[in-house]
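Step one of this worksheet: look at the structure below.
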2 protein chains.
Amino acid sequence: MATADKKRNTGCPIAFALDTFGDRWSLMIIRDIALRGSRTYGEFRDTPEKIATNVLADRLRELEADGIIQKSRDPENQRKNIYSLTEKGCDLIPVVLEMVRWSAKYDRTTKVKASFLDKIESDREGFAMEIRSRLKDR
Amino acid sequence: MATADKKRNTGCPIAFALDTFGDRWSLMIIRDIALRGSRTYGEFRDTPEKIATNVLADRLRELEADGIIQKSRDPENQRKNIYSLTEKGCDLIPVVLEMVRWSAKYDRTTKVKASFLDKIESDREGFAMEIRSRLKDR
DNA sequence: CGCACATAGTTGCTTTTTGCAAGCACTCAT
DNA sequence: ATGAGTGCTTGCAAAAAGCAACTATGTGCG
């Protein structure tokens, strides 16, 4: 059973956002799709962060239920499910990019490339759009 | 005992950010300081979201340990601790504002004012600076 | 068909975290 | 000195996360 729905529903936007993706793993999945091009269960599972498979299955269910991602069958391999961001999910890209900016500034061991950072700094909206269309073209 | 330090340390900026404030409560505290002007334990405790006091104490410890907030005594009332954002914490304001934008768009019951949203849309950086200086002037 | 393998999960169990109610310690005001 | 305000801690129950093993279904190939 998926995590019980205990949304706070106080009208606060931060509470709303955290109820949707404010846990240790949801945003990681969104990152995998948006920035790493991941699309399948196996790709989400095999990241350095090592999510437990039951938690992964649970989060995929929740994110789909919340309309952040959508699931479809890979026409070329019926074993695979293809997960992708919905419009609502794509709208989280700016949030992700701001987090990248912040972490790049404060993580001494960051692996964020200067060129990536430059793109965010110089044209945030444009870069977000670029990522979106890259996702659409797959 | 504070939550054990189990940072993932994979070099990924999203993992880094989530390790710092990626839980149900940390960002709520940051919101309280940045957007609601909260500064004391009691103010953090008495929000509609009803954080448990042990979790609150734990998060305040963690956020301080991570250099996001700092703690000082209220000179006018020695019973009170004043919590405020450090520079590192203030740099999270853009992340918070992007989350507000997203939630305002997708939460049908949002309480975000149109005027607040307009400020974000029209001059994001300027608005972030405005919030920062408002915090400094207290 | 029949079998090995790939992919995507589920299940059962342990550990960790959260939630909740009560209580403690220090400070202030009188 | 006392009682109330503020900021916590403690102990215990409930929920979630982590872990390892197992199941289910589709694919490719002899």
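Residue numbers start from 1 in every chain, and the chains themselves are labelled A, B, ... in the order their sequence lines are given, proteins ahead of strands.
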Taking atom C1' of dT10(D) as reference, at what distance in whole Å does atom CG of L56(B) sit? 16 Å
Below 4.0 angstrom from OP1 or OP2 of dC8(D), is there any side-chain N or O of Y83(B)? yes
Would you give the length of the straight line joining atom CZ of F44(B) to atom CD1 of I33(B), rounded to the nearest 0.5 angstrom? 4.0 Å
Could you give the distance from OG1 (T20(B)) to CG (L92(B)), rounded to the nearest 0.5 Å? 8.5 Å
When you measure from the side chain of R61(A), which nucleotide among dG9(C), dG18(D), dA8(C) comes out closest? dG9(C)
Centroid-centroid distance, Y83(B) to Y41(B), less than 6.0 Å: no
Rounded to the nearest 0.5 Å, what separates atom CD1 in I93(A) from atom CE in M129(A)? 9.5 Å
Are D66(B) and K7(B) ion-paired here, with the side-chain N under 4.0 Å from a carboxylate O? yes
Decide if atom NZ of K119(A) counts as having more than 12 heavy atoms of other residues, nucleotides or ligands within a radius under 6.0 Å. no
When the distance from CG of D58(A) to P of dT11(C) is rounded to whole Å, what number comes out? 13 Å
Pairing residues for Y106(B) by the ring-ring contact (aromatic ring centres under 6.0 Å, His included) criterion, not counting sequence neighbours: W102(B)
Please determine whether a side-chain nitrogen or oxygen atom of R59(A) lies at a distance below 4.0 Å from atom OP1 or OP2 of dG9(C). no
When rounded to whole Å, the CG to P distance for the pair N81(B) and dG5(D) reads 18 Å
In the 5'-to-3' direction, what one-character label does each nucleotide of nucleotides 21-30 of chain D receive under the scheme B = base within less than 4.0 Å of a protein heavy atom, S = sugar-phosphate only, - = no such atom? -----BS---
Walking DNA chain D from its 5' end, the first of A52(A) and A57(B) to be reached, judged by nearest nucleotide, is A57(B)
Identify, residue by residue, the members of residues 9-27 of chain B with a heavy atom below 4.0 Å from DNA chain D, and return them in order of residue number, or none. none
Go through the structure and list residues passing salt bridge (Lys or Arg N to Asp or Glu O under 4.0 Å) with R79(B), not counting sequence neighbours. none
Classify N54(B) by what it touches in the nucleic acid, base, sugar-phosphate, or nothing, heavy-atom distance under 4.0 Å. base
Starting from C1' on dG7(D), measure out to CD1 on I51(B) and report it in whole angstrom. 14 Å
I need the CD-P distance between E64(B) and dG7(D), as an integer number of Å. 14 Å
M99(A) side, atom CE; I14(B) side, atom CD1 - distance, nearest 0.5 Å: 4.5 Å
Side-chain ion pair, R39(B) and D32(B), N-O less than 4.0 Å: no
Using atom CG of L63(A) as one end and atom P of dG9(C) as the other, report the distance to the nearest whole Å. 13 Å
Contacts of type ring-ring contact (aromatic ring centres under 6.0 Å, His included), residue W25(B), not counting sequence neighbours: none
L60(A) has an atom CG; how far is it from atom C1' of dT10(C), in whole Å? 14 Å
Nucleotide of dC8(D), dG9(C), dA17(D) approaching K71(A) most closely (side-chain heavy atoms): dG9(C)
Which value, rounded to the nearest 0.5 Å, describes the distance between T110(A) atom OG1 and K105(A) atom NZ? 13.5 Å
Rounded to whole angstrom units, what separation is found between the CD1 atom of I29(A) and the P atom of dG9(C)? 11 Å
Counting only non-hydrogen atoms, which of residues 34-45 of chain B are less than 4.0 Å from DNA chain D? T40(B), Y41(B), G42(B)
